[in-house]
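Sequential numbering from 1 along the given sequence is applied to the chain's residues. Only heavy atoms go into these numbers, but all of them, side chains included; no hydrogens, no water, no symmetry mates. Since this is a predicted model, take the numbers as computed values, not measurements.
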Amino acid sequence: MRLKGKKVLITGGSRGIGRCMIAELIKQGVKDIAVIARDKKNLERLPEDFEKTKFLLVNGNVGDIGVLREMSSKIEDQWGRLDVLINNAGIVSAGSLEDIPDEEIYDQVAVNLTAVLFLTKYCLPLLKSSREAAILNVSSGLGLLGMPFYSVYGSTKAGIRQFSDSLRRELKPFKISVTCVYPTATDTEMMQKFKGREMDSPEHVAEKSIQALMQKELHFIFGGEQRLKDHRLNFESPKKFDRQISDSYDQRREASQSHRAI
Ligand SMILES: NC(=O)c1ccc[n+]([C@@H]2O[C@H](COP(=O)([O-])OP(=O)(O)OC[C@H]3O[C@@H](n4cnc5c(N)ncnc54)[C@H](OP(=O)(O)O)[C@@H]3O)[C@@H](O)[C@H]2O)c1
């Protein structure tokens, strides 16, 4: 798929991986980009930083269905169609399940999963008006491999994976591709309170994700050969994988303890 002249909607494009995706889209010739995010200042900085791009901005929470409806109506009124939908906005609150406050369980499901289902539903008629459309969903390595202390976040991201497979098969009669990407730890604000290992840069994740979208790949898994091996082991011999994970139990608990970006 060539992106030149396409009309794109991205959630959470105001910073982190989403903002780097905007830079990448512009490099590929995109001139019209719609963005939803909560922080007004970060959102308003986009037209200043990317002067030649026409932005359609909605300042709000994707967890609020009214905000999603507002954005899809704006796109219908102003563009009459949508070519690319990127479901990127996400939040995390890690820790032992019993310790995660109830509202943070609800919010993670609302933002990371429910919002994606609703926004995609509202955008489908607009995507069907495009000659060649694409959906890019941002899952996570934690949506492939269930890790301790990420039971809620990981469940939402595994939901995104399943949604992507189902929707792709459902949309077979239409010209809409569905790509799902699975970043590993990436150096953004989301990871500021994570006391862990080396991370990918958001620029790298954005570049590879947009390439996967253009090549209509079904899945793109970050983390190299090791991540693919772990994925295979988890599927074929989950007990073996359990033993491997339990070796680093204390380290994982420590690293995730204050990991919260909500
Ligand atoms: N960083 C990682 O290590 C990593 C790894 C795997 C997957 N991912 C996934 O990659 C995606 C992007 O993450 P990131 O690392 O770039 O995070 P980030 O730096 O925290 O950026 C998140 C973006 O989403 C927006 N957002 C968050 N909650 C929102 C809400 N309720 N309504 C509207 N916008 C909202 C934020 O803007 P506002 O705060 O202004 O709303 C921001 O633009 C997420 O889906 C995340 O789960 C990240």
Pairwise side-chain contact, [X] with [Y], heavy-atom cut-off 4.5 Å (strictly under):
X	Y	result
Phe241	Phe235	no
Ile10	Ile22	yes
Met199	Phe194	yes
Gln226	Asp230	yes
Val116	Val111	no
Leu46	Leu43	yes
Met147	Arg252	yes
Thr120	Phe163	yes

Measuring from [X]:[atom1] to [Y]:[atom2], what's the distance to the nearest 0.5 Å?
X	Y	atom1	atom2	answer
Phe149	Asp99	CZ	CG	9.5 Å
Gln211	Phe220	CD	CZ	7.5 Å
Leu136	Leu85	CG	CG	8.5 Å
Ile65	Glu70	CD1	CD	14.0 Å
Met190	Arg260	CE	CZ	12.0 Å
Leu144	Asn234	CG	CG	9.0 Å

Before accepting this row, confirm whether a basic side-chain N of the pair [X]/[Y] lies closer than 4.0 Å to the acidic partner's carboxylate O.
X	Y	answer
Arg253	Asp250	yes
Lys208	Asp200	no
Arg168	Asp165	yes
Glu132	Lys6	yes
Glu207	Lys27	no
Arg81	Asp83	yes

Check: [X]/[Y] side-chain N/O donor and acceptor closer than 3.5 Å:
X	Y	result
Asn42	Ser14	no
Thr53	Asp32	no
Thr11	Asn88	no

[X] side-chain N/O to [Y] backbone N/O, donor-acceptor pair under 3.5 Å:
X	Y	value
Ser130	Leu126	no
Glu189	Gly16	no
Ser237	Lys239	no
Ser248	Ile245	yes
Thr186	Thr184	yes
Asn112	Ile91	yes

Point to revise | Candidate list Asn137, Leu117, Val181, Val138, test side chain to side chain contact (heavy atoms under 4.5 Å, CB included), partner Ile160, passing option | key: Asn137

Point to revise | Partner of Ile33 under side chain to side chain contact (heavy atoms under 4.5 Å, CB included), chosen from Val84, Leu9, Leu57, Ile26 | key: Ile26

Point to revise | Trace of the side-chain contact (heavy atoms from CB on, under 4.5 Å) decision for Lys216 with Val178 | key: CA-CA 7 Å; Lys216 300 189 182 179; Val178 180; over 6 Å; no

Mind listing the closest non-hydrogen atom pair of [X] and [Y] along with its distance?
X	Y	result
Ala133	Leu82	CB-O, 4.4 Å
Glu198	Ala185	O-CB, 4.4 Å
Tyr182	Ser140	CD2-O, 3.5 Å
Tyr122	Ser72	CB-OG, 3.6 Å
Thr179	Ala212	OG1-O, 3.8 Å
Ile176	Leu124	CD1-CD2, 4.1 Å

Does atom [atom1] ([X]) have a neighbourhood of more than 12 heavy atoms from anything else shown, all under 6.0 Å?
X	atom1	answer
Gln162	CD	no
Asp102	CG	no
Gln28	CD	yes
Gln251	CD	no

Exercise for review: Test side-chain contact (heavy atoms from CB on, under 4.5 Å) on Thr114 and Tyr106 and set out the steps.
Suggested key: CA-CA 10 Å; Thr114 315; Tyr106 264 108; over 6 Å; no

Review point. Stepwise, does the ring-ring contact (aromatic ring centres under 6.0 Å, His included) test hold for His259 with Tyr150?
Key: CA-CA 10 Å; His259 187 197; Tyr150 287 90; 5.7 Å; yes

Check your understanding: Which word best sums up how the rings of His204 and Phe222 line up, parallel for under 30°, tilted for 30 to 60°, or perpendicular for over 60°?
Key -> perpendicular

When hydrophobic residues are tied together by side-chain contacts of less than 4.5 Å, even through go-betweens, does [X] share a cluster with [Y]?
X	Y	value
Ile105	Val92	no
Trp79	Val30	no
Ile210	Leu218	no
Leu113	Val152	no
Ile135	Val205	no

Practice item. Could you please spell out the steps behind the side-chain contact (heavy atoms from CB on, under 4.5 Å) verdict for Val8 and Met21? Key: CA-CA 11 Å; Val8 181; Met21 281 181 177; over 6 Å; no

Practice item. Output, in order, the C-alpha distance, side-chain angles, deciding distance and verdict of side-chain contact (heavy atoms from CB on, under 4.5 Å) for Lys52 and Lys31. Key: CA-CA 7 Å; Lys52 291 185 182 148; Lys31 291 199 161 42; over 6 Å; no

